[in-house]
Amino acid sequence: MNEIVKREALSKDVFRMEVETPLIARKRKAGQFVILRVGEEGERFPLTIADANAEGGTITLIFQAVGKSTWALSRLKEGDEIHDLVGPLGMPTHVERFGTVVCIGGGIGVAPLHPIVKAMKEGGNRVISIIGSRTKDLLILEEEIRGLSDELLVSTDDGTYGFHGFVTQVLEQVIERGEKIALVVAIGPVPMMRAVCKVTKQHDLPTTVSLNPIMVDGTGMCGGCRVTVGGETRFTCVDGPEFDGHRVDFEELTKRLSVYKKQEAKAMEKYEHECALGDKMK
Ligand code: FAD
Ligand code: FES
Ligand code: MG
């Protein structure tokens with residue numbers, strides 16, 4: 001159960017894993033995620049189902065190692081098992097024949113964008129994808145997204161690859177050239193999603209964002225993932241993760257995401273110390 005059948009590093013700290021979990025592989029839809037624990041004592045944390053092979057019974061997870069749990073996961077090898085994995089969770093992406101859809105991914109956000117690009121294309125849309133990262137080495141899934149999109153545009157903040165600048169500037173260029181855009185989908189760091197919404201609001205373009213608040217149970221019980229959308233409290237794990245970006249309170253989300261920074265840093269420090277002692281804690 002939950003065996004890692006394939007593991008590869010996409011960059012210094014980004015990993016792709018194929019995990020054997022036939023029921024989830026069959027049932028999952030674009031936009032959904034799993035909540036997992038690396039080991040019995042581990043914390044629960046969410047990762048998007050980046051892809052799935054229903055016949056082979058596997059799902060693909062793509063994640064950036066940013067703290068204790070993601071580093072612990074990255075240390076598992078092919079043949080190891082993830083202690084537990086619950087899903088598919090969350091509402092699937094709403095797909096219909098919109099027309100031209102612009103899909104924007106920033107940093108590790110390109111991983112959760114991948115199944116949405118695929119679903120939008122399969123749903124009969126013309127898909128223009130814009131992906132960006134801080135620098136060339138951090139850009140992921142370029143070929144995969146190119147293969148699924150009608151057009152792919154790339155940017156890096158430092159200009160080492162593609163357009164020198166932000167994905168929002170590339171979006172502005174696409175708008176300026178007169179594209180008739182029906183929907184914009186943006187996934188990435190909160191400041192990036194917020195900036196995309198600022199641009200699309202000016203042009204009155206419907207915009208969906210996929211939110212990433214801290215989650216614990218993933219079933220609407222703990223309230224950890226609450227966000228404010230259009231003045232109302234919503235639970236991202238059951239009502240989302242996708243919401244109308246123009247109605248999201250990004251200010252509150254930013255604050256809530258950093259509430260446990262001290263504890264997270266401490267946990268990472270302790271984990272590194274234990275790893276150094278050779279006691280691989282999960
Ligand atoms: P920590 O040091 O504990 O935390 C680092 C930062 O990650 C925190 O400051 C906080 O902003 C965030 N975080 C911490 N704990 C949680 C938690 N329980 N839930 C959500 N965020 C948390 N990351 C990927 O790399 N790939 C994905 O496909 C992906 N999909 C996600 C889908 C959803 C619906 C959500 C909500 C988040 C997703 N994330 C994804 C983010 C991922 O869950 C966090 O990076 C991870 O939990 C960090 O845990 P950590 O212990 O390694 O780091
Ligand atoms: Fe607990 Fe959403 S994660 S309510
Ligand atoms: Mg953590």
Side-chain angles (χ1 to χ4, degrees), residues 9-17 19 28 30-39 41-52 59-76 85-93 105-116 133 138 140-141 187-191 193 208-227 229 233-243 248 250 252-272 275 281-282:
L10 297 183
S11 72
K12 178 170 68 57
D13 54 6
V14 176
F15 301 86
R16 168 159 43 196
M17 286 183 176
V19 183
R28 74 94 214 188
Q32 291 186 298
F33 60 92
V34 290
I35 287 204
L36 54 100
R37 279 193 308 162
V38 178
E41 311 262 294
E43 65 177 347
R44 297 161 62 82
F45 66 99
L47 291 178
T48 303
I49 304 169
D51 207 352
I59 60 166
T60 302
L61 304 175
I62 299 175
F63 61 96
Q64 185 168 22
V66 292
K68 183 198 155 187
S69 299
T70 43
W71 273 116
L73 179 62
S74 77
R75 288 168 64 108
L76 298 188
L85 197 118
V86 184
L89 299 170
M91 299 291 285
T93 304
I108 191 67
V110 178
L113 188 76
H114 178 263
I116 297 174
S133 61
L138 299 177
I140 58 165
L141 303 179
I187 311 185
V190 173
M193 293 192 284
T208 300
V209 291
S210 181
L211 302 184
N212 59 341
I214 291 177
M215 292 188 178
V216 184
D217 66 311
T219 58
M221 305 283 280
C222 72
C225 68
R226 68 183 179 275
V227 289
V229 183
T233 297
R234 309 294 298 274
F235 287 176
T236 308
C237 65
V238 287
D239 301 324
E242 290 166 25
F243 294 101
V248 170
F250 285 110
E252 181 194 58
L253 176 62
T254 307
K255 277 193 201 134
R256 285 181 58 79
L257 270 170
S258 59
V259 163
Y260 300 107
K261 285 275 181 229
K262 255 193 210 152
Q263 290 88 339
E264 287 157 0
K266 244 190 194 159
M268 186 62 201
E269 214 174 276
K270 188 164 171 265
Y271 174 68
E272 279 176 325
C275 286
M281 202 178 92
K282 291 170 190 171

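This structure is a prediction, so every number in the text was calculated from the model and none was measured. Whatever order the structure lists ligands and atoms in, that order sets their numbers, starting from 1.
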| Applying a strict 4.0 Å limit to heavy atoms, is S258 in contact with ligand 1? | no
Check: [X] side chain, [Y] main-chain N or O, donor-acceptor pair, under 3.5 Å:
X	Y	value
R44	D217	yes
R226	G223	yes
Q64	V14	no
T93	I116	no

Under 3.5 Å between any N/O of [X] and any N/O of ligand 1: does that happen in this structure?
X	answer
T48	yes
L47	no
L211	no
F33	no

May I ask you to list the atoms of ligand 1 that are less than 4.0 angstrom from any heavy atom of [X]?
X	value
R44	18 (N)
L257	9 (O), 10 (C), 11 (O)
E43	3 (O), 51 (O)
K261	9 (O)

| field | For atom 39 (N) of ligand 1, the protein heavy atom that lies nearest, with its residue and separation | value |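 Of the protein heavy atoms, P46 O, 3.6 Å lies nearest.
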| Starting from atom 3 (O) of ligand 1, which protein heavy atom do you reach first, and at what distance in Å? |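 For atom 3 (O) of ligand 1, the nearest protein heavy atom is E264 CG, 3.2 Å.
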| query | Can you count the protein N, O or S atoms that lie less than 2.8 Å from atom 2 (Fe) of ligand 2? | reply |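 Step by step: take atom 2 (Fe) of ligand 2, keep protein N, O, S below 2.8 Å, and you get 2.
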| task | Would you confirm whether any non-hydrogen atom of the protein falls under 4.0 Å from atom 8 (C) of ligand 1? | result |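 Yes.
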| message | Measuring from atom 46 (C) of ligand 1, which candidate in D13, V38, T70 has the nearest non-hydrogen atom? | response | T70
| message | Taking 2.8 Å as the distance threshold, tell me the number of protein N/O/S atoms next to the Mg ion (ligand 3). | response | 1
